[in-house]
There are 2 protein chains.
Amino acid sequence: MKEVTKYIIKNSLKRIFLYRACLSRLKQMGVDKVFSYTLANEAGVTPAQVRKDFSEFGIKGNKKGGYEIDELLSKMEEIFHRSKDHNIVLIGMGNLGQSLSRYSKFVQRNMNIVATFDVDPFKLKMRSEIPVYSMTRLKEIIDRFRVKVAIIAVPEISAQEVADELIRHGIKGIVNFAPVLLKVPSEVVVNNVNLCDELESVIYYVQKILKSEGLKNIELLYKDMKY
Amino acid sequence: MKEVTKYIIKNSLKRIFLYRACLSRLKQMGVDKVFSYTLANEAGVTPAQVRKDFSEFGIKGNKKGGYEIDELLSKMEEIFHRSKDHNIVLIGMGNLGQSLSRYSKFVQRNMNIVATFDVDPFKLKMRSEIPVYSMTRLKEIIDRFRVKVAIIAVPEISAQEVADELIRHGIKGIVNFAPVLLKVPSEVVVNNVNLCDELESVIYYVQKILKSEGLKNIELLYKDMKY
């Protein structure tokens, strides 16, 4: 198996999602049109960055009076195949897996978890809206529903093995919640989502904020003492 | 409330977490030392990027024979205050909130959810290892446990209101799972984690992969036809 991946989730794509969220918020506020500098300000980037990202993803529509928000949003829908249904399998019906299998936002955005899998025989009997299958039926279900995308929510010790099996059965994209970096062939894309890292990065900045507030308080104290 | 945030989760910090994961994997494989180009290769970035990121976060330790992996990892522990306990509150005990409240990896990394909150009286009576409180007790609990970090897992409609309240009570950092961009004052940091976006970004690349494979197949077919 080759260890170099050709497809990585680019930061420009993440920014496009951020712009989309900003545009939705502006739309809710009753705004119809935006200039790139308004959107840039909302998203916390430069206007040049917005224009560069739009150009990378083929998003047009800048006119004299700015971009039409509806036009931008529907162009984004088109790029991200939002109108098409996408079948997904989920591996690992532990705590996090169960929660993801019930996450209603996925369905609202045409992303359907058609089946879930677990190695634990007890899990196969659990009550669940989406069927829970044994791993032995993985290939059959992937083939039947023409699944190309999988979510991994198994313990880190088995994540690589599960990924290898998914890829053998034709899966091309994986969202991996196991806190381990997966090695995949170059024609497969992996998005590693590490919930601890997300929390830890906030803690890192909070420490900085508290430190800077502490310093400010000391400065104020020092200023008081001079009088 | 000012709308410009001074603290955003930088990509360099995200790469540091990626390096950490790569280093852990290398260590498990029995490797003691790495050169920046080995680490860069593992992480899919350039060696110059690795050195630049290390320098930004004050990570030293490059010697003639490369970096000592253990030294790098303990330096990272130090930077991210891993040895210190961090108390966290979680707002919203729906499907996702319950799953996050039980996520054992947080505790393993010294991030303790000390209390959870919900507006639903039914949720207050549920069986849970971590206590579930009414929102009226938010300030009391935040004060008692000196909490500075919160996780928001409420519906998008109430996320901003909850964030405002948390910030009024002294919260400095928020991990937000509601699919909405929060507006916070400049001395607060927010990390918006959008699970739909994580899945959608994989789908975007899978479409590209399938298209490029389709083109390859057509090329092969065309090649065959010439004979």
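As the structure is a prediction and not an experimental result, all values here were calculated from the model. Each chain gets a letter, A, B and so on, in the order its sequence line appears, and its residues count up from 1.
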Exercise. Contact part of A/Val149 toward chain B, heavy-atom cut-off under 4.5 Å: side chain, backbone, both or neither?
Worked result: side chain

Exercise. Is any side-chain heavy atom of B/Ser128 less than 4.5 Å from a side-chain heavy atom of B/Met93?
Worked result: yes

For this session: Please determine, among B/Ile151, B/Leu210, B/Leu199, B/Leu195, the option with the most heavy-atom pairs under 4.5 Å with chain A.
Result: B/Leu199

Exercise. Looking at side-chain heavy atoms only, is the closest gap between B/Leu166 and B/Ile91 below 4.5 Å?
Worked result: yes

For this session: Flag the one option from A/Gly94, A/Gly173, A/Ser99, A/Ser104 with the top tally of heavy-atom pairs under 4.5 Å to chain B.
Result: A/Ser99

Exercise. Is the ring centre of B/Phe57 less than 6.0 Å from the ring centre of A/Tyr204?
Worked result: yes

Exercise. Contact part of B/Asn11 toward chain A, heavy-atom cut-off under 4.5 Å: side chain, backbone, both or neither?
Worked result: side chain

Problem set entry | B/Lys60 and B/Lys75, any side-chain heavy atoms less than 4.5 Å apart | no

For this session: Output the option from A/Glu200, A/Lys208, A/Glu198 having the highest count of non-hydrogen pairs under 4.5 Å with chain B.
Result: A/Glu200

For this session: Could you go through the side-chain contact (heavy atoms from CB on, under 4.5 Å) check for B/Arg25 and A/Val180 one step at a time?
Result: CA-CA 8 Å; B/Arg25 184 168 59 188; A/Val180 62; 5.6 Å; no

Seminar exercise, completed: Counting heavy-atom pairs under 4.5 angstrom with chain A, the leader among B/Ile203, B/Leu96, B/Val193 is B/Ile203

Exercise. In terms of side-chain heavy atoms, does A/Asp85 have a donor or acceptor partner in A/Asn112 at a distance below 3.5 Å?
Worked result: yes

Exercise. Which residue out of A/Val175, A/Ile209, A/Val206 racks up the most heavy-atom pairs below 4.5 Å with chain B?
Worked result: A/Ile209

For this session: Measure distances from B/Gln108 to the heavy atoms of chain A and classify the residue's part below 4.5 Å as side chain, backbone, both or neither.
Result: neither

Exercise. Below 4.5 Å, heavy atoms only, C-beta onward: do B/Arg102 and B/Glu129 meet side chain to side chain?
Worked result: no

For this session: Under 4.5 Å, heavy atom to heavy atom: which of residues 13-22 of chain A reach chain B? Give them by number, or say none.
Result: A/Leu13, A/Phe17, A/Leu18, A/Arg20, A/Ala21, A/Cys22

Exercise. Is it the side chain or the backbone of B/Glu156 that comes within 4.5 Å of chain A heavy atoms, both, or neither?
Worked result: side chain

Exercise. Would you call the rings of A/Tyr37 and A/Phe35 parallel, tilted or perpendicular if under 30° counts as parallel and over 60° as perpendicular?
Worked result: parallel

Exercise. Does a side-chain N-to-carboxylate-O contact under 4.0 Å join B/Asp53 and B/Lys10?
Worked result: no

Seminar exercise, completed: Looking only at B/Lys148, B/Gln207, B/Lys84, most heavy-atom pairs under 4.5 Å shared with chain A are made by B/Gln207

Exercise. Are the charged groups of A/Glu42 and B/Lys183 less than 4.0 angstrom apart, N to O?
Worked result: yes

Exercise. What part of B/Ile79 lies closer than 4.5 angstrom to a heavy atom of chain A: side chain, backbone, both or neither?
Worked result: both

Exercise. When heavy-atom pairs shorter than 4.5 Å are enumerated against chain B, which of A/Asn192, A/Leu181, A/Ile171, A/Asn194 gives the highest number?
Worked result: A/Leu181

Problem set entry | Side-chain ion pair, B/Lys139 and B/Glu165, N-O less than 4.0 Å | no

Problem set entry | Minimal non-hydrogen separation, A/Leu100 against A/Ala153, with atom names | CD1-CB, 4.5 Å

